[in-house]
Each structure stands twice: as structure tokens, then as C-alpha cells.
Amino acid sequence: MLTRRKLLVLAGTAAVLTGLGLPAQAQAPDSPAAAFVQRTGEELIRALSQSPSPEARSQQLLQVIDRTVDVDGLARFCLGIYWRRATPQQQQEYIAAFHQSLAHSITGRMGEYEGVRFAVGRSAPEGPDTAVQTTILRQNNPPLQVVWLVSTGSGTPKIIDVQAEGTSMRLTERSDYTSFLQQHGGNVQALIDALKRQAVQQG
Amino acid sequence: MHAKSPWVFLAAILLAGPLLGCAARPPASDPEALEAYSQTNDPLEPTNRFFYQVNNALDAVVLKPAAEAYRYAVPRPVRNVVHNALANLTSPVLLANDIMQTKPRRAGDTFMRFIINSTAGVGGLFDVATGLGYQAHDNTFGTTLALWGVPDGPFLFLPVLGPSDPRDAAGYGVDIALDPLTYIGQGAVVTDLKYARYGVSAIDERERVLDTVDQIKKTALDPYATFRSLYRQHRASEIEAARTDEPRSVPAWFPPSPAQPGTR
């Protein structure tokens, strides 16, 4: 009886020490999209950890983002119904401003991702795209469940949305932009100017 | 008399707020704008925005400084202990909601977490149960109502309480009524302790989102709309997680048998 209880306590301690609740680190990706997310994650971590200066780090980070994220598509999505209401010139100007804004918000939070680790979980089709589950582990933070929406339609896989703990980045951004536009009488130029102002303030 | 004036002012804005009116419904000639309007489902937007401003002002002078002082004065391990203790105290309400949602797995997790953390975790100060495979989850009566088929209704930004909807606001009241600690004990000390718990838990929650909230306010063009969207999405995913919790799967802590691969 006593030995049995001792065993249970031992097993419990071992479980605590090894973090039994966490998904296995080395799990084979179950789809091309999952393999793509695995590769991209490794590239991002390498960009964050290897470069010596913060400038070089953010430069490398943005290169990986540009290659793996469909930023133009994301920009179009975030403008919602106002995309078609904008003039071609506004569309171009807006996409450039969106790239800037995304770059700033990513490099601005670089410090939070020091020593980050991740594990790719299951993937499942979501409409024409694939949703890949990952668990992000950061120091002093509870594990974060993040889903990466990957589109494979164009031949090369691209990330089209990031959903952290059930909140979608592109949906949140779209409601931010469209609400701003509603407050400003649907004037897309006002949004472009605000994005540019923000980039200057944060830059 | 003089000391009462802030309360009179607060009462005045609480009463005047709802009179600010409703968001203008777009004309039927603009179907896209009309669809956006019904998707946003925020007919009380002007009033909600007003209370968002009020809460922001209150937060800037009361809650945020308190949370920052708490972060500055109390080291992280101690803050974690405080958080664990507060979380453990919510177990009865969690359990009641797990049961009302007929989710035996989640109810079992909550029950075991309460037993393990209250004993091995020294009265809830340490979260031993998570390491043993009993994962923490959140639950409210708002979620219970959702699983019972009650719709969420329009978005509400409540004074002091923040983003909500009629379903979650009602759920909040029921959760307080479900909490045994609401009824336990009597006397001035117990009453003070109860209020202290609400106060500490508000500071604890605010401290945990200090950086996130700052980041959103800095990067969002319309922080109100961003918080509205985040709140809605967060609640929808919590409700979905409760709804799709699979009661017959093998618990995470159960040793996998080689002959019969489990679903986990």
C-alpha cells in the first residue's frame, strides 16, 4: 500500500518535472502546410537568435515574413468592403502603408520572443486553406495556443492568418480598420494617413 | 456633503450615458454597409463608446497605477502564488458551470484541480494539478447560457466591468450568486475579506494584461473597435472549446496503452 502510494507520488513528481501536459516537441508534421509552418517557425527563431544587432535581427525577421506571409492579401482582407471603394492609387498607397505598419508592430514586439520555443500540432482543412495548430512556449508565460492559417492555392504556401487563443489577427485588424473608416465617413485616405502617422510615431 | 460629489457626478453620467442614443442605421440603399452594421451588432455604440471613455479614465487613475505598483513591489513568484490562490477560490463556480453544461471531463478536471491544489498545492498557493495533467480552463454562467442556446445579444460596454453582452452580464450576476463564498461567514472582517478578494483579483487580472492592453492602445487605430472584436472572438472561442470538449476521449494524464492507441 505504502509502496503503491510512493510510486504514485514519484510518478507525479516525474510528470511535473518533465511537463507531461505539454505536447511532444518532435512530432512529425502531418501535412505539407504543417511542414511549412515548422520550417517557417525555425527560420523565424533563427532570425531572432543569430543576428548580432537588433537592426540586423529585425531586417532578417522581415525578410522571412515577406517570404512566408501573404501581406498583400492580408491588407486587402483588412480593408473589407472599402477595398473596392478605394481608387487604384489609394489601394497601392494603402498596401505600402500596411506593410510598414505590420513591420513596425512585429519588430516592436521582438523582445517578447526571446528564448521562444514552439511545437507543431495537428492540421485540419479549413475551407480551401489549412489550419495548423501550434503551441508557443515563452519564458515566464503560460503556453500559448496559436493556429496558423496556410493557403496553398497559389502553389507556394503562404500564411494568411494567425489566430492566438481563438482570436484572429486579420479579423481583429479588419474590424479596427472598418470601424475607423466608419468614424471617418469611409474616407480611405484618412486611414492611409493614420497608418503613416503611426509608423512615424513608432519609428 | 462635499465628499459625496464624485458619486453624484458618477451617478449623473451613468444616468445620462444611455440617453446618448443609438448608432445610425445605414440606409437600405447601401447593402454592404448594412451588413457590416448587423455583423458588428453594436446598436448602442455611442453609449458604449462613452462608457469605454469613462472606464479608460477610471483605469488610468485607479486600476492601472495599482496594477503597476503591484508589479513593481511584488516579485513574479509571489504574484503567481496570489493568482493561483484566487483561481483556486473560483473552483466551486467553475464546477457548478461544468456540471450545468453536462461536461463530465471538465467537471472532473475542476474537481481534481481543487482537491490537489488545496492539499498538495498548500491551500491553492501552488498549481500542482496542471503538471499532473489536469488542465485549467475558464468557465462562466455566460458560457452555460450559450450552451443552453441563449443568444448573445448586442455588444455592451459596461461601466467598471468593461466589454460584455446581455448574456454575459446576466451570467456574471449568476456566477456571484453561485459562489459559496458569497454566503459564507458574517461580520465586518469577513465582509472586508470578500471585498479584498474582489479588489486583489481586479489588480491581479489587470497586471496580467498590462503589456497587452498598452500594445493594443498603441497600435490600434480604433481601440474601442479592437477591444470589441477581441472580446467577441475570445468569448466565441471559449464557448466553442466548452461545446466541443470530448467527454469520451482518454484524459491527458492517463498512461497510453501500446495495444490500443488513444485519441490523444
Side-chain angles (χ1 to χ4, degrees), chain A residues 8-9 11-23 78 80-82 84-85 101-102 104-106 108-109 111-112 122 140-143 145 147 163-184 186 190-191 193-195 197-199 201-202, chain B residues 23-24 26 30-37 39-40 42 45 49 76-77 79-80 83 116 120 126-136 138 208 211-212 215-216 218-241 251-255 264:
Chain A
L8 272 175
V9 170
T13 318
V16 173
L17 289 177
T18 53
L20 190 74
L22 299 173
C78 290
I81 59 169
Y82 295 98
R84 275 186 289 119
R85 298 182 182 192
S101 158
L102 184 73
H104 275 293
S105 67
I106 287 170
R109 307 183 67 168
E112 290 172 38
R122 283 180 227 173
N140 298 322
N141 279 293
Q145 301 299 326
V147 174
Q163 295 157 7
E165 298 285 335
T167 55
S168 144
M169 180 203 156
R170 61 173 182 174
L171 280 181
T172 309
E173 205 82 328
R174 182 164 74 175
S175 71
D176 184 24
Y177 288 6
T178 50
S179 177
F180 178 91
L181 284 165
Q182 276 162 18
Q183 303 280 311
H184 290 78
L191 178 80
D193 293 344
L195 285 174
R197 253 199 321 278
Q198 209 178 36
Q201 275 168 11
Q202 288 170 8
Chain B
D30 193 347
E32 280 182 332
L34 201 60
E35 199 202 321
Y37 174 86
Q39 258 180 15
T40 311
D42 191 1
E45 185 168 339
R49 277 188 189 269
R76 187 188 292 272
R79 296 203 303 266
N80 285 345
H83 179 77
I116 292 170
F126 301 98
D127 181 7
V128 189
T130 299
L132 293 174
Y134 299 101
Q135 295 293 318
D138 234 339
R208 293 166 79 83
D211 300 330
T212 314
Q215 181 74 20
I216 292 169
K218 207 173 76 185
T219 54
L221 297 177
D222 186 348
Y224 166 81
T226 303
F227 284 123
R228 177 176 67 196
S229 170
L230 285 172
Y231 175 76
R232 284 247 180 76
Q233 292 185 53
H234 175 67
R235 286 296 292 139
S237 87
E238 268 188 345
I239 290 163
E240 224 20 59
W253 47 266
F254 196 78
R264 289 200 171 208

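No hydrogens, no waters, no symmetry mates; every other heavy atom, side chains included, goes into these values. Below, chains carry the letters A, B, ... as their sequence lines are ordered, and counting in each starts from 1.
Residue Arg235(B): no heavy atom, backbone or side chain, is found under 4.5 Å from chain A. Proximity to chain A is limited to the side chain of Gln215(B), based on heavy atoms less than 4.5 angstrom apart. For Arg228(B), the part sitting under 4.5 Å from any heavy atom of chain A is the side chain, from C-beta outward, and nothing else.
The candidate from Ala220(B), Ala236(B), Ala241(B) with the greatest count of non-hydrogen atom pairs under 4.5 Å with chain A is Ala220(B). For the set Ser175(A), Gly186(A), Ala194(A), the entry with the most heavy-atom pairs within less than 4.5 Å of chain B is Ser175(A). Comparing Gln163(A), Arg85(A), Gln182(A) by how many heavy-atom pairs each has under 4.5 Å with chain B, the most go to Arg85(A). The candidate with the highest count of non-hydrogen atom pairs below 4.5 Å against chain A, out of Leu221(B), Thr226(B), Thr40(B), is Leu221(B).
Closest approach of Glu45(B) and Gln183(A) over heavy atoms only: OE2-NE2, 3.4 Å. Annotation for Ser229(B) and Leu171(A): closest pair OG-O, 4.0 Å, computed over non-hydrogen atoms. In terms of heavy atoms, Thr172(A) sits closest to Gln233(B) at OG1-NE2, 3.0 Å. What you find for Ser237(B) and Glu165(A) is that their closest heavy atoms are OG-O, 3.5 Å.
For the side chain to side chain contact (heavy atoms under 4.5 Å, CB included) with Asp222(B), the qualifying choice from Asp176(A), Leu181(A), Thr178(A) is Asp176(A), the only one to do so.
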